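Since the structure comes first, as structure tokens, the remarks are kept for the end.
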Amino acid sequence: MEAAITILALFLVAFVALGVYATVKAVGAAKRGVDRTITQARRTVEDTTLRAKSFGQTGVAGELAQLRLALRTSMRATQDALHAGVAEDASLAESVALFRRLSEHGLELDDELKRLEREPDRATVAGLLPKLRERTQRITHSAESLRWAARDRARQFADDDLDALNAQIDIEAGALRHWTVEEPSQASGTGARASTPGHGPGTDWPEPAASADPSAGSSSTADQAWSGPAREESPQAITAPDPRLRTTYPWQKSSRPETTN
């Protein structure tokens with residue numbers, strides 16, 4: 001009885017622990033989902049604000065907004081392209097690592113541009129704009145290089161796969177149309193007929209044989225030329241002469257019939 005109670009208690013503790021673990025995992029996943037949603041909403045609002053500033057404001061504030069918008073757009077597009085490609089191509093892991101290092105410089109520049117937006121000394125900010133513009137162009141150029149390289153690689157793989165698929169389809173289509181392909185036996189027979197003497201191109205025609213009788217005419221000459229060599233006469237069977245038809249002479253004695261004693 002005590003053993004059964006102990007086993008039931010252990011099962012109860014295991015179920016409680018499993019329920020707590022599942023609850024913690026579910027709460028963590030929900031929290032991450034909420035944080036992700038909040039981050040995306042904040043990013044969307046910030047991008048919309050920057051786009052409005054870049055079009056609505058002029059001078060230093062408008063140019064800073066344009067630099068931030070170009071930087072964030074390029075970095076986000078490269079991040080999406082690499083993360084989508086690394087799931088199918090493991091060789092892009094090195095590119096992802098390089099992009100993470102580049103993202104550190106991009107985030108640092110974005111924070112600096114954000115601080116300069118609140119800077120009251122516009123003259124000093126205007127003097128810093130050339131260097132800030134150069135840094136932004138260098139970072140966005142590197143990000144675009146990684147992004148287009150990943151896209152070109154994926155496109156090349158797709159083209160190679162399509163070429164291989166087209167080749168297989170052509171082979172299958174040829175196999176399905178097997179009746180349109182000339183069989184080897186027919187082709188060899190045609191070649192044999194084409195190589196027969198007297199039928200191929202450039203073959204000399206046989207000369208007609210000379211006739212023994214000059215008065216035979218052109219018809220017999222043509223017959224000899226087309227008919228080829230004359231047939232040999234087949235030997236005739238030897239038959240015994242009929243004694244009744246044999247010619248008798250006066251000096252010959254008549255044969256007497258043989259008698260048996």
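Please read all numbers here as calculations on a predicted model, not as lab measurements. Atoms considered below: every heavy atom in the structure, side chains included; atoms not considered: hydrogens, waters and symmetry mates.
Counting heavy atoms from C-beta on, the side chains of R135 and L67 never come closer than 4.5 Å. Contact of the S74 side chain with the H141 side chain is not registered, since no non-hydrogen atoms from C-beta on lie closer than 4.5 Å. Considering only heavy atoms from C-beta on, R68 comes within 4.5 Å of D110 through its side chain. Side-chain contact between R115 and R118 is present, with heavy atoms from C-beta onward closer than 4.5 Å.
For the atom pair CG (L12) and CD1 (I7), the distance works out to 13.5 Å, reported to the nearest 0.5 Å. How far CD of E144 is from CE of M75: 11.0 Å, rounded to the nearest 0.5 Å. Taken from CG in L92 to CG in L146, the straight-line distance is 9.5 Å, to the nearest 0.5 Å. Rounded to the nearest 0.5 Å, atoms CG (L129) and CZ (R122) are 10.0 Å apart. Rounded to the nearest 0.5 Å, atoms NZ (K131) and OG1 (T136) are 14.0 Å apart. In this structure, the separation between CG on N166 and CG on D161 is 9.5 Å, given to the nearest 0.5 Å.
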Exercise. Does the pair L132 and V125 meet the rule for a side chain to side chain contact (heavy atoms under 4.5 Å, CB included), with working shown?
Worked result: CA-CA 10 Å; L132 295 173; V125 176; 5.6 Å; no
Exercise. Do E172 and Q168 pass the side chain to side chain contact (heavy atoms under 4.5 Å, CB included) test, and can you show the C-alpha distance, the side-chain angles, and the key distance before you say yes or no?
Worked result: CA-CA 6 Å; E172 182 65 21; Q168 294 178 0; over 6 Å; no
For this session: Report the C-alpha separation of R153 and D89 in whole Å, then their side-chain angles, then the decisive distance to 0.1 Å, and conclude whether the side chain to side chain contact (heavy atoms under 4.5 Å, CB included) test is met.
Result: CA-CA 9 Å; R153 181 180 179 86; D89 188 3; 2.4 Å; yes
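One hydrophobic cluster, built from ILVMFWY side chains closer than 4.5 Å, cannot hold both W148 and F157; they sit in different ones. Both L128 and I139 are assigned to one and the same hydrophobic cluster, defined by single-linkage of ILVMFWY side chains at heavy-atom distances under 4.5 Å. Transitive grouping of hydrophobic side chains (ILVMFWY, heavy atoms separated by less than 4.5 Å) brings V24 and V16 into a common cluster.
Partners of D170 by side-chain contact (heavy atoms from CB on, under 4.5 Å), not counting sequence neighbours: none found.
At most 12 heavy atoms of other shown residues, nucleotides or ligands fall within 6.0 angstrom of atom CZ in R138.
With hydrogens and angles left out, the side-chain atoms of D152 and Q156 include no donor and acceptor closer than 3.5 Å.
A distance-only check finds a donor-acceptor pair linking the side chain of T140 to the backbone of Q137 [under 3.5 Å]. One N or O on the side chain of T78 and one on the backbone of A143 form a donor-acceptor pair closer than 3.5 Å.
Scanning all heavy atoms of the two residues, the minimum distance from A81 to R147 falls at CB-CG, 3.9 Å. Across all their heavy atoms, V60 and A126 have their closest contact at CG2-CB, 4.0 Å.
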Expected list for residues 96-109: side-chain donor-acceptor pairs under 3.5 angstrom, two or more places apart:
unit_1, atom_1, unit_2, atom_2, d
S103, OG, F99, O, 2.7

